[in-house]
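Comments concern the structure below.
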Amino acid sequence: MAPAADRTDDLSDAAEVHPAGITRWLRDRPTLSGTAPRFDSTELPDEPTPLFLRWIGEAAAAGVSEPHAATLATVDVDGVPDARTLILKAVDDNGWAFAGPRSSRKGDQLAANPVAALNFWWQPVVRAVRVRGLVTEASQEESDADLAARSPAARDAIPRGGWVLWRLAPTRVEFWQGSPDRHHTRVVYEPLEDGTWSLQVGASGSSVQNRGEQS
């Protein structure tokens, strides 16, 4: 990273100095600038939902104004990925819920390929959560109830049956906490056939270990 005296926060100035100015400007941006809360990876719940609720609560307490905002990634009929930011509606035994118009691009993509991934990034606490899995539609009654909870202005343009509440049933949930020394922590949950979850803990970028294994 360039010395502070040589750095500029003005992107237009950086680009005019040299054609490679944009690259330098990007490299000069600070990373891992938040403060991670205490996290003991030996004290973990047996399933991911309690840990997610703890983390999103700590993100809100740390000043993240929209901790329930996530990037949703989908795949179209040709296998080309797409992504957008939306709001998480619920997390429970039925899955991770999000909603939107049936006629939207994500609606078309989920109809063609009912799989998706969610990514949460909470910079002030240097934490991320990644979820991926299969997607199903909730009942029409549940979708209608979700639409009814929106403001009148947000409901006006939606025809009857045009709003869908989707649920992502996770096949993998990953919790990531960054560290200035780059010894990041990664916790991975995956569902097992008997209804329980496997739990692995490891350093980011390396193989994770089943909890209880010796290094």
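Everything numeric in this text was worked out from a predicted model, so none of it was measured.
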Self-check item: Separation between CD of Glu141 and CG of Asp144, rounded to the nearest 0.5 Å
Solution: 7.0 Å

Quiz item: Do side-chain atoms of Arg130 reach the backbone of Ala117 as a donor and acceptor pair under 3.5 angstrom?
Solution: no

Quiz prompt | Test log, rule side-chain contact (heavy atoms from CB on, under 4.5 Å), inputs Leu118 and Leu88 | solution = CA-CA 9 Å; Leu118 287 165; Leu88 182 71; 4.3 Å; yes

Quiz item: What's the spacing between Leu32 CG and Gln177 CD if we round to 0.5 Å?
Solution: 11.0 Å

Quiz item: Do the side-chain N and O atoms of Ser33 and Gln123 include a donor-acceptor pair separated by under 3.5 angstrom?
Solution: yes

Exercise. Treating Ile, Leu, Val, Met, Phe, Trp and Tyr as nodes and any side-chain heavy-atom pair under 4.5 angstrom as an edge, say whether Leu86 and Val131 lie in one connected cluster.
Key: yes

Self-check item: In one Ile/Leu/Val/Met/Phe/Trp/Tyr side-chain cluster, 4.5 Å: Leu53, Leu51
Solution: yes

Exercise. Verify, without hydrogens or angle tests, whether Thr185 (side chain) and Gly202 (backbone) share a donor-acceptor contact under 3.5 angstrom.
Key: no

Quiz item: Salt-bridged, Arg127 to Glu58, with N to O below 4.0 Å?
Solution: yes

Self-check item: Common cluster, Trp197/Leu199, ILVMFWY with side-chain heavy-atom separation under 4.5 Å
Solution: yes

Quiz item: Between Pro101 and Lys106, what is the shortest heavy-atom contact and its length?
Solution: CD-NZ, 4.2 Å

Practice problem: Measure the spacing between CG of Asp46 and OG1 of Thr196 and express it to the nearest 0.5 Å. | Solution: 8.5 Å

Side-chain polar contacts of residues 89-98 - donor-acceptor pairs under 3.5 angstrom, sequence neighbours left out - could you list them?
| unit_1 | atom_1 | unit_2 | atom_2 | d |
| --- | --- | --- | --- | --- |
| Lys89 | NZ | Asp146 | OD1 | 3.0 |
| Lys89 | NZ | Asp146 | OD2 | 2.8 |
| Asp92 | OD1 | Asn94 | N | 2.8 |
| Asp92 | OD1 | Gly95 | N | 3.4 |

Quiz item: Atom OG1 of Thr23 and atom CG of Asp28: how far apart are they, to the nearest 0.5 Å?
Solution: 11.0 Å

Quiz item: Which atoms form the tightest heavy-atom contact between Pro67 and Ala59, and what is the distance?
Solution: CB-CB, 4.2 Å

Practice problem: May I have the step-by-step check of salt bridge (Lys or Arg N to Asp or Glu O under 4.0 Å) for Arg102 and Glu137, ending in yes or no? | Solution: CA-CA 10 Å; Arg102 185 181 299 279; Glu137 288 189 16; 2.8 Å; yes

Practice problem: Decide whether Val115 and Leu72 are clustered together by the hydrophobic rule: side chain heavy atoms of Ile, Leu, Val, Met, Phe, Trp, Tyr closer than 4.5 Å, transitively. | Solution: no

Self-check item: Over-ring placement of Arg27 relative to Trp25, 6.0 Å and 45° cut-offs
Solution: no

Self-check item: side-chain contact (heavy atoms from CB on, under 4.5 Å) between Val75 and Val80, worked out
Solution: CA-CA 5 Å; Val75 181; Val80 179; 6.0 Å; no

Exercise. Supply the members, apart from Trp163, of the Ile/Leu/Val/Met/Phe/Trp/Tyr cluster built from side-chain contacts under 4.5 Å; use none for a lone residue.
Key: Leu147, Ile158

Practice problem: Apply the test side-chain contact (heavy atoms from CB on, under 4.5 Å) to residues Val187 and Gln200: give CA-CA distance (whole Å), side-chain angles for both, the deciding distance (0.1 Å), then the verdict. | Solution: CA-CA 6 Å; Val187 177; Gln200 300 172 305; over 6 Å; no

Quiz prompt | side-chain contact (heavy atoms from CB on, under 4.5 Å) between Trp166 and Thr136, intermediate numbers included | solution = CA-CA 6 Å; Trp166 289 279; Thr136 58; over 6 Å; no

Self-check item: Aromatic ring pairing Trp55/Phe39, orientation class (parallel under 30°, perpendicular over 60°, tilted between)
Solution: perpendicular

Quiz item: Which distance, rounded to the nearest 0.5 Å, do you find between the CZ of Arg150 and the CG of Asp156?
Solution: 10.5 Å

Quiz item: Which hydrophobic side chains are connected to Val77, either touching it within the sub-4.5 Å cutoff or through other members that do?
Solution: none

Practice problem: Would you give the length of the straight line joining atom CG of Leu165 to atom CD of Gln140, rounded to the nearest 0.5 angstrom? | Solution: 10.5 Å

Quiz item: Minimum heavy-atom separation for Thr85 to Ala69, with atom names?
Solution: CG2-CB, 4.3 Å

Quiz item: According to the side-chain hydrogen bond (donor to acceptor under 3.5 Å, both in side chains) rule, which pairs have a member within residues 71-83, sequence neighbours left out?
Solution: Thr74-Arg84, Thr74-Gln109, Asp82-Gln109

Exercise. Could you list the residues that satisfy ring pair (Phe, Tyr, Trp, His ring centres under 6.0 Å) with Phe120, not counting sequence neighbours?
Key: Phe52, Trp122

Self-check item: Atom of Leu168, atom of Gly133 and distance for their closest heavy-atom approach
Solution: CD2-N, 3.7 Å

Practice problem: Could you pull out the closest heavy-atom pair between Arg54 and Pro45, with the gap in Å? | Solution: NH2-CD, 4.0 Å

Practice problem: Indicate yes or no: does Glu142 engage Arg167 in a salt bridge with an N to O separation below 4.0 Å. | Solution: yes

Quiz item: Can you name the salt bridge (Lys or Arg N to Asp or Glu O under 4.0 Å) partners of Glu190, sequence neighbours left out?
Solution: Arg172

Quiz item: Cluster question for you: counting only ILVMFWY and a side-chain heavy-atom cut-off of under 4.5 Å, with indirect links fine, are Val64 and Ile87 together?
Solution: no

Self-check item: Contact summary for Gly178 and His184, nearest pair of heavy atoms
Solution: CA-ND1, 3.4 Å

